[in-house]
> 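Structure provided below as structure tokens; questions to follow.
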Amino acid sequence: MNSRFQSVLRGEVTSTPPIWMMRQAGRYHSHYQNLKKSYSFSQLCKQPKLAAEVALGPVQDFDFDLAILFSDLLFPLEALGMDLSYDNGGPELGQRLDLGVLHNFSNLETAVAKMQFQAEAMTETRKLLPKDKSLIGFVGGPWTLFVYAVEGSHKGHLLSTKRAARDLFARFCEHMVPLLQRNIQLQLDAGAEVVMVLDTAAGELAPVEFSTWTLEPLAQILNGFSGRVGYYAKGGTSDLTRLMHARLKNLAFGLGFDHRFSLPEILVKQQFRFVQGNFDQTLLHLPPSEFESVFRQFLEPFSQLAPAQRRGWVCGVGHGLLPTTPEVNVRNFVRIVREVIHE
């Protein structure tokens with residue numbers, strides 16, 4: 001396990017933060033692109049040895065402190081019986097969620113069995129990883145999975161989802177919440193040190209709906225996983241942040257924030273064991289010299305904090321790495337953090 005990340009999890013002061021990025025294994029990376037010439041996305045996710053090979057690639061190439069399970073957050077929808085395809089690049093659901101689809105969802109044990117490949121991928125990844133690297137897992141948040149089930153994507157105003165939620169969301173959660181609980185346990189049992197709940201559509205909600213449709217089912221999921229599960233909600237406002245702090249401080253082990261928040265200010269409050277983020281991933285597309293200048297400016301407020309004030313920081317980007325991100329900037333990101341942030 002990685003000493004920097006384990007120090008963070010123990011609440012200890014670290015001179016330099018551990019580094020991992022969402023989507024650090026994926027389309028921008030030549031290692032992934034080479035594998036994709038021979039295998040489909042579904043094969044890379046569902047064949048455990050291939051998933052491990054994809055997850056290992058960026059750790060070897062860029063020296064990240066952590067590897068992340070290589071998978072997709074939509075697979076629980078497939079496990080419950082919704083048709084899911086990646087044949088045309090992005091995910092495509094064969095139907096949209098309605099009462100009829102909900103009625104035909106698989107039972108819990110059948111769905112859990114269909115998620116077993118993630119546990120096997122986690123085990124295989126741990127076998128390949130160097131001993132000094134950590135491993136984490138992830139699942140999608142119930143609200144984000146509901147958005148995809150209703151809309152087929154996460155785009156636009158989500159009008160259909162917000163209309164459907166009043167009739168369908170609670171019933172959807174009756175199936176999805178226990179499945180996600182079991183999915184998290186599968187990953188933890190297979191070697192994940194922490195599992196992140198990624199709720200990329202949660203920031204689209206007003207505070208009242210965020211509390212009802214995101215935090216209530218999330219609290220059910222997190223209960224029983226004290227010290228092992230973190231939460232990331234893309235976007236949102238300061239009101240949503242206050243709601244998260246108030247509701248999750250005794251449940252979530254850590255929080256992730258996108259680039260629209262001041263992470264140094266959040267770190268100083270020290271309300272969670274770790275805080276993950278949050279450089280704007282689009283700025284990694286700048287020419288290398290310009291990127292380095294901008295990134296050093298981003299790090300300056302962190303460097304002004306005492307190490308004890310930075311305690312809990314897991315450095316990364318605000319959301320996921322984009323498909324055309326230059327590898328040279330990813331490599332320089334890791335180098336510059338370790339040059340600038342130290343005692």
Side-chain angles (χ1 to χ4, degrees), residues 2 4-5 8 14-36 54-68 70 89-90 133-134 136 138 196 198 200 203 232-236 254-268 274-305 307 309-310 312-343:
N2 182 262
R4 292 189 185 104
F5 188 57
V8 165
T14 57
S15 59
T16 302
I19 303 169
W20 72 270
M21 301 179 181
M22 283 183 273
R23 296 179 185 161
Q24 68 184 31
R27 291 172 291 177
Y28 79 98
H29 193 203
S30 55
H31 173 80
Y32 173 84
Q33 292 168 1
N34 288 333
L35 288 169
K36 195 67 170 56
V54 177
L56 176 68
V59 173
Q60 290 182 315
D61 198 352
F62 306 113
D63 196 31
F64 291 118
D65 294 282
L66 285 72
I68 312 163
F70 184 75
K133 300 299 181 181
S134 280
I136 65 174
F138 73 94
M196 293 295 295
L198 305 180
T200 54
Y232 167 86
K234 182 182 178 184
L255 291 183
F257 292 88
D258 75 8
H259 61 278
R260 286 167 280 197
F261 292 85
S262 172
L263 208 60
E265 293 179 15
I266 292 169
L267 272 171
V268 169
F274 70 86
V275 175
Q276 186 269 332
N278 73 336
F279 184 70
D280 184 348
Q281 62 280 345
T282 65
L283 298 180
L284 281 156
H285 288 251
L286 294 170
S289 61
E290 190 174 350
F291 159 73
E292 180 160 348
S293 175
V294 169
F295 187 49
R296 287 182 181 273
Q297 290 176 15
F298 166 81
L299 291 175
E300 181 64 22
F302 293 94
S303 68
Q304 296 302 313
L305 298 177
Q309 292 176 305
R310 295 195 303 265
W313 181 29
V314 180
C315 183
V317 290
H319 190 227
L321 288 176
L322 299 170
T324 56
T325 301
E327 291 185 17
V328 62
N329 285 346
V330 177
R331 189 168 290 108
N332 286 337
F333 182 109
V334 176
R335 173 182 60 82
I336 293 167
V337 169
R338 292 173 182 163
E339 286 180 2
V340 172
I341 306 299
H342 53 77
E343 290 182 341

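Owing to the predicted nature of the structure, the values given are computational and were not obtained by experimental measurement. Quick note: numbers below take in every heavy atom, side chains included, and nothing from hydrogens, waters or symmetry partners. The first residue in the sequence is number 1, and the count goes up from there.
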> In Å and rounded to the nearest 0.5 Å, what is the CG to CE distance from L198 to M22?
6.0 Å

> How close do S303 and E300 get, counting heavy atoms only, and between which atoms?
OG-O, 2.7 Å

> Of the options L305, L263, V8, V275, which is the one that meets W313 in a side-chain contact (heavy atoms from CB on, under 4.5 Å)?
L263

> Just how far is it from atom CD1 of I19 to atom CD of Q24, taken to the nearest 0.5 Å?
10.0 Å

> Can you tell me how far CG of L255 sits from CD1 of I266, rounded to the nearest 0.5 angstrom?
8.5 Å

> For F64, check ring pair (Phe, Tyr, Trp, His ring centres under 6.0 Å) against everything at least two apart and list the hits.
F62

> Decide if the gap between the ring center of Y28 and the ring center of Y32 is smaller than 6.0 angstrom.
no

> What's the spacing between T282 OG1 and H259 NE2 if we round to 0.5 Å?
6.0 Å

> So, do P288 and N329 sit near enough that their side-chain heavy atoms are less than 4.5 Å apart?
yes

> Tell me, please, which residues at least two apart from R27 pass side chain to side chain donor-acceptor pair (under 3.5 Å).
none

> Sequence neighbours left out, what passes side-chain contact (heavy atoms from CB on, under 4.5 Å) with P301? Give chain and number order.
P264

> Can you name the nearest heavy-atom pair linking T16 to R4, along with the distance?
O-CD, 3.4 Å

> For the pair S134 (side chain) and N2 (backbone), establish whether a donor and an acceptor sit closer than 3.5 Å, ignoring hydrogens and angles.
yes

> Quick one: side-chain contact (heavy atoms from CB on, under 4.5 Å) partners of R296, sequence neighbours excluded?
E292, R335, I336, E339, V340

> Return the set of residues passing ring pair (Phe, Tyr, Trp, His ring centres under 6.0 Å) with F333 (not counting sequence neighbours), or none when no residue passes.
F295

> Sub-3.5 Å donor-acceptor pair from the side chain of S293 to the main-chain atoms of E290, do we have one?
no

> Which pairs count as salt bridge (charged side-chain N to carboxylate O under 4.0 Å, His left out) when at least one residue sits in residues 314-332, sequence neighbours excluded?
D61-R331

> Do the side chain of Y232 and the main chain of G254 share a donor and acceptor less than 3.5 angstrom apart?
no

> Ignoring hydrogens and geometry, is there a side-chain-to-backbone donor-acceptor pair from Q281 to H319 under 3.5 Å?
yes

> State, to 0.1 Å, how close V317 and Q276 come at their nearest heavy-atom pair, and which atoms those are.
O-NE2, 3.7 Å

> Say you draw a straight line from CD1 of I136 to CD1 of I68; how long is it, rounded to the nearest 0.5 Å?
5.0 Å

> What closest approach, in Å, do A55 and A25 show between heavy atoms, and which atom pair accounts for it?
CA-CB, 4.2 Å

> Within the 4.5 Å heavy-atom criterion, are K234 and R260 side-chain neighbours or not?
yes

> What are the two closest non-hydrogen atoms of K133 and V59, and how far apart are they?
CG-CG1, 3.7 Å

> In sequence, state the C-alpha distance, the side-chain angles, and the governing distance for F291 and L284, and then conclude on side chain to side chain contact (heavy atoms under 4.5 Å, CB included).
CA-CA 6 Å; F291 159 73; L284 281 156; 3.4 Å; yes

> Taking all atoms of both residues into account, what is the closest heavy-atom pair of L321 and V330, and its distance?
CD1-CG2, 4.3 Å

